[in-house]
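Throughout, a chain's letter reflects where its sequence line sits, starting with A, and its residues are numbered from 1.
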Protein chains: 2
Amino acid sequence: MTADLIKTVFQPALSNAALNEGNDFAQLPVPAFGTEGGRLVVSVDSHIVKPILFPGGDIGRLAICGTVNDVAVSGAIPLYITAGFILEEGMPIKMLKEIVQSMKQSADEAGVILVAGDTKVVEKGGADQIFITTTGVGWLDGPSTIGGQYAKPGDVVLVSGTLGDHGIAIISARGELGFEADIQSDVAPLNHMIEAMIKAAPNIHVLRDPTRGGLATTLNEIAQQSDVGMYLNEDTIPINSVTRSACEMLGFDPLYMANEGKLIIIVPPGEADTILEVMRNFDYGKKAARIGIVTLEDKGRVLLKNALGGTRLLDMMAGEMLPRIC
Amino acid sequence: MTADLIKTVFQPALSNAALNEGNDFAQLPVPAFGTEGGRLVVSVDSHIVKPILFPGGDIGRLAICGTVNDVAVSGAIPLYITAGFILEEGMPIKMLKEIVQSMKQSADEAGVILVAGDTKVVEKGGADQIFITTTGVGWLDGPSTIGGQYAKPGDVVLVSGTLGDHGIAIISARGELGFEADIQSDVAPLNHMIEAMIKAAPNIHVLRDPTRGGLATTLNEIAQQSDVGMYLNEDTIPINSVTRSACEMLGFDPLYMANEGKLIIIVPPGEADTILEVMRNFDYGKKAARIGIVTLEDKGRVLLKNALGGTRLLDMMAGEMLPRIC
């Protein structure tokens, strides 16, 4: 629905080079220094997650990390954040303080500064507790060479850790599991790890955080943007055993579940081991793994192969995504 | 309430140089070029105005103009805008299209580019039709010398036109007047006029758009930030006759009503006439006027004098501001 909305409403009206590139960030020349120089990178996300406190995080940490990660996957260094708060009248101040404190801690961890904010209050029933919209601003020394359009046949597909944990943590916090799963959201700022990766491996083609729609949806987007195919080895995709059990019980596929602290990396084979090594030196990359390759065949499609020789098409998200997951 | 919230919740947790300056914009060094060079200027606003369509504008035009103006009053050239949309399920697409189109037109008029956007949908009853949070990014060639802290005794106070029109237009659109007032919101992007003013008069001390709380609240803020007094000549303050009548009937004071396309300018006396002349050459400044002076006496206070020799204290907004005015 949202993708439809963007295509039918926003893109036709607002079309410009930065929006049309289709990444989660906009690369902006700083006119005073000409288009050959550095770039501003900005990214915006509205956060409406429900519940606003969940195992492993809260809407404040989510708002900072989501935006920091969207800026960082461009290769830019995230510097500044703005935040617009929409509060429902009667929202407990204590809870708001906790959320703002959590934003501060997450911003400090990421090394970014929240430089501007605005708050509006809506009458009771006019909003649901709190919504936070964050914009991140980062700096890139030259034009970005990392983006969803740069995957090449022969490249290797890596992920930085277990998939689907944020989605299951939210469902569990809503009490919709019928039991309490011992699973924490993975919400985390990945910019320091990304910076180290880029330093060690300068030829990364694609970096993206698989949030709404999960690994499967994000890889399908990249396959289409780059006009390539992808073969994944199902047995190598890291999935937490609790997340796997919860998904089996609920009939969900963890490859379609949201993540808020994970990366997809697509890179020439010569740099794959270097990147895996760098990631495993960070807390947020301990379970990094090689999960597949980019192919010339099956353009625009993602195929999942298992140890028994079976192959299935990992389609774009069919049906409805979980509402208010981020 | 919001000011309280900022003081008790946001400032303690998020304190940093840019936020603490107390302007509606943040001045940001671009690290790659050192702190002596140009500055990024960013500003954020969440928009929850009700109704979302009103005489003279809509929430989309408001979102663009409000943010463009907040960036421009720093002296920066606004360049880029990001927008986060929170939509209530069932919001008519036709209305959304109109709003987005209006954003595009306003952005074109201002000469800014909406470079990043995000949309989230909340279930019916979880939000009220549409909320839009915009962040503006602008460029300033050096450190800003314009700000609420720079008013000096002897300076002249100017306004760019009639006051209170946005507030009355919203109240009228809500049907709360009991009659339909023939008044349009003044919502407009002021950046081109501001650019011309700064070019013609390089010693402007303060520029600010008196939105929520109106002229009176904004001048009180400036008087406190600069530790000066202000004497206004009541008879010279431009007020539309319809707005004045509507205010009299409702018991409102137009000096406390919101504006979305007006400027307060505080400037040394030698440049006042030049600025008035520049403003009057723009559609949005036709009714610009000189309304008062900055004083050494009555620090932190704003006094209103009328032709009969009466003087009254124009206090900070007492009581409640109109909800959802922007």
Original post:
Hey, which of B:Thr133, B:Asp128, B:Thr134 has the most heavy atom pairs under 4.5 Å with chain A?
Top reply: B:Thr133

Original post:
Is any side-chain N of the basic residue among B:Lys94 and B:Glu98 closer than 4.0 Å to the acidic one's carboxylate O?
Top reply: yes

Subject >> side-chain contact (heavy atoms from CB on, under 4.5 Å) partner of A:Phe85, the single match among A:Asp118, A:Ile132, A:Val121 >> reply: A:Ile132

Original post:
How are the rings of B:Phe54 and B:His166 set relative to one another: parallel (under 30°), tilted (30 to 60°) or perpendicular (over 60°)?
Top reply: perpendicular

Subject >> Contact winner vs chain B - A:Gly84, A:Ala127, A:Gly126, A:Ser46, heavy-atom pairs under 4.5 Å >> reply: A:Ser46

Original post:
In terms of heavy-atom proximity below 4.5 Å to chain B, should A:Ala83 be classed as side chain, backbone, both, or neither?
Top reply: backbone

**OP:** Could I get the full list of side-chain hydrogen bond (donor to acceptor under 3.5 Å, both in side chains) partners for B:Thr135, not counting sequence neighbours?
**Re:** A:Thr82, A:Thr135

